[in-house]
Every structure is written in structure tokens, then in C-alpha cells.
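Let me begin by presenting the structure, written as C-alpha cells, before commenting on it.
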Amino acid sequence: QVQLVESGGGLVQPRGSLRVSCAASGRTFSDYAMGWFRQAPGKERAFVAAISWSGRSTYYTDSVKGRFTISRDNAKNTVYLQMNSLKPEDTAVYYCAAANRPFASDSERDYSYWGQGTQVTVSS
């Protein structure tokens with residue numbers, strides 16, 4: 001079992017920055033990859049970014065490349081999503097997820113545990 005708790009969401013102006021965090025407990029954190037997904041109003045949940053167990057490999061959906069950075073601190077059992085140059089279309093509930101494998105994936109089917117989500121709103 002893995003428990004995930006997100007934090008750091010909020011309201012930010014366009015072109016602003018925000019960092020969301022996800023603290024994990026339960027299984028050994030460095031055993032599995034982590035991912036961030038988001039669900040905008042009226043849309044299905046979608047992949048944002050993923051990071052391998054070691055942090056050496058990262059993947060991003062095209063719309064956030066160059067603006068978002070995923071990272072992890074295995075000593076703190078925490079994964080982060082640094083979001084820069086935010087746009088109104090980034091508004092969504094952001095979910096972190098723990099994979100059932102050590103290597104990153106953009107498929108929800110590879111993630112077994114999910115956090116409760118944190119709201120990110122980009123608006124002036």
C-alpha cells in the first residue's frame with residue numbers, strides 16, 4: 001500500500017509559477033516511478049509528467065514541455081511538480097500517482113495508487 005498526499009495548489013496569475021508536492025508513505029519510495037496527472041473541468045484526467053524511480057528519466061506531455069519540471073527526493077519520499085509560465089488552460093485538479101513499476105509511464109494503467117488531488121487555478 002502507498003498513501004499519497006498532495007499539497008501546494010492554489011490560485012496563480014497567468015505567467016506565474018507554482019510548485020505542487022506529493023508526500024508518499026507505505027512502500028519504499030525508491031521502488032517505483034511517480035507521475036502527475038490533471039483533470040480540467042469537463043475533461044478526462046490526462047497525463048502531465050512522470051519520473052523514474054531514480055529520477056534520471058522524466059517524461060512530459062507536449063503542452064507542458066519547457067514549462068513544467070518533475071523531480072523527486074527519495075530521502076524525503078516526495079515528488080514535486082514545478083510549474084512555470086502558467087496558462088489559464090493549466091487550470092485543473094492535479095493528482096500524483098505511484099506506479100506499479102520502477103520506470104516512468106504516461107499510462108494510467110501503470111499507476112496503482114493515487115492522491116486526493118490539489119486544485120490549481122490560473123486566472124487573473
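N74 and S30 make their closest contact through ND2-CB, 3.5 Å (heavy atoms, listed as atom of the first residue, atom of the second, distance). Minimum interatomic distance between P102 and A33 (heavy atoms only, all atoms of both residues): O-CB, 3.6 Å. Taking both residues in full, the closest heavy atoms of S85 and S17 are given as N-OG, 4.4 Å, listed atom of the first, atom of the second, then distance. A pairwise comparison of heavy atoms in T78 and A23 identifies OG1-CA, 4.2 Å as the closest pair. Smallest separation of non-hydrogen atoms from A50 and Y111: CB-OH, 3.4 Å. Across every non-hydrogen atom of V2 and A24, the tightest pair is CG1-CB, 4.4 Å.
Once rounded to the nearest 0.5 Å, the distance linking CG of N77 with CD of Q3 reads 11.5 Å. Annotation: the span from I70 atom CD1 to S52 atom OG amounts to 9.5 Å, rounded to 0.5 Å.
Looking only at side-chain heavy atoms (C-beta outward), V48 and V64 come within less than 4.5 Å of each other. Counting heavy atoms from C-beta outward, Y95 and L4 have side chains that stay 4.5 Å or more apart.
Residues passing the side-chain hydrogen bond (donor to acceptor under 3.5 Å, both in side chains) test with E108 are R45, sequence neighbours excluded. For T28, there are no side-chain hydrogen bond (donor to acceptor under 3.5 Å, both in side chains) partners two or more places apart in sequence or in a different chain. Under the salt bridge (Lys or Arg N to Asp or Glu O under 4.0 Å) criterion, K65 pairs with D62, not counting sequence neighbours. Remark: N100 pairs with S112 by the side-chain hydrogen bond (donor to acceptor under 3.5 Å, both in side chains) rule, at least two apart or across chains. The side-chain hydrogen bond (donor to acceptor under 3.5 Å, both in side chains) check on T69 picks up nothing, with sequence neighbours excluded. Under the rule for a ring-ring contact (aromatic ring centres under 6.0 Å, His included), Y60 has no partner lying at least two apart in sequence or in another chain.
Remark: the backbone N or O of I51 is not paired with any side-chain donor or acceptor of T58 at under 3.5 angstrom.
A salt bridge (charged side-chain N to carboxylate O under 4.0 Å, His left out) check over residues 109-124, counting only residues at least two apart or in different chains, returns the pairs R101-D110. Sorted by first and then second residue, the disulfide bond (SG atoms under 2.5 Å apart) pairs involving residues 14-75 (not counting sequence neighbours) are C22-C96. The salt bridge (charged side-chain N to carboxylate O under 4.0 Å, His left out) pairs that include a residue from residues 15-38 are R38-D90, where partners are two or more places apart or lie in different chains. A side chain to side chain donor-acceptor pair (under 3.5 Å) check over residues 113-124, counting only residues at least two apart or in different chains, returns the pairs E6-Q116, Q119-T121. Every pair passing ring pair (Phe, Tyr, Trp, His ring centres under 6.0 Å) that includes a residue from residues 7-30 is listed here, sequence neighbours excluded: F29-Y32.
Under a 4.5 Å side-chain heavy-atom criterion applied to ILVMFWY residues, the cluster that includes W53 comprises F103 as well.
Taking the six-membered ring where the residue is Trp, Y94 and F68 present tilted rings, their angle falling between 30° and 60°.
In this structure, the ring of Y59 has its center no less than 6.0 angstrom from the ring center of F47.
Annotation for E89: atom CD counts as buried by contact number, over 12 foreign heavy atoms lying within 6.0 Å.
V79 and F37 are not part of a single hydrophobic cluster, where members link through side-chain heavy atoms under 4.5 Å apart. Linking Ile, Leu, Val, Met, Phe, Trp and Tyr residues whenever their side-chain heavy atoms come within less than 4.5 Å leaves M34 and Y80 in two separate clusters.
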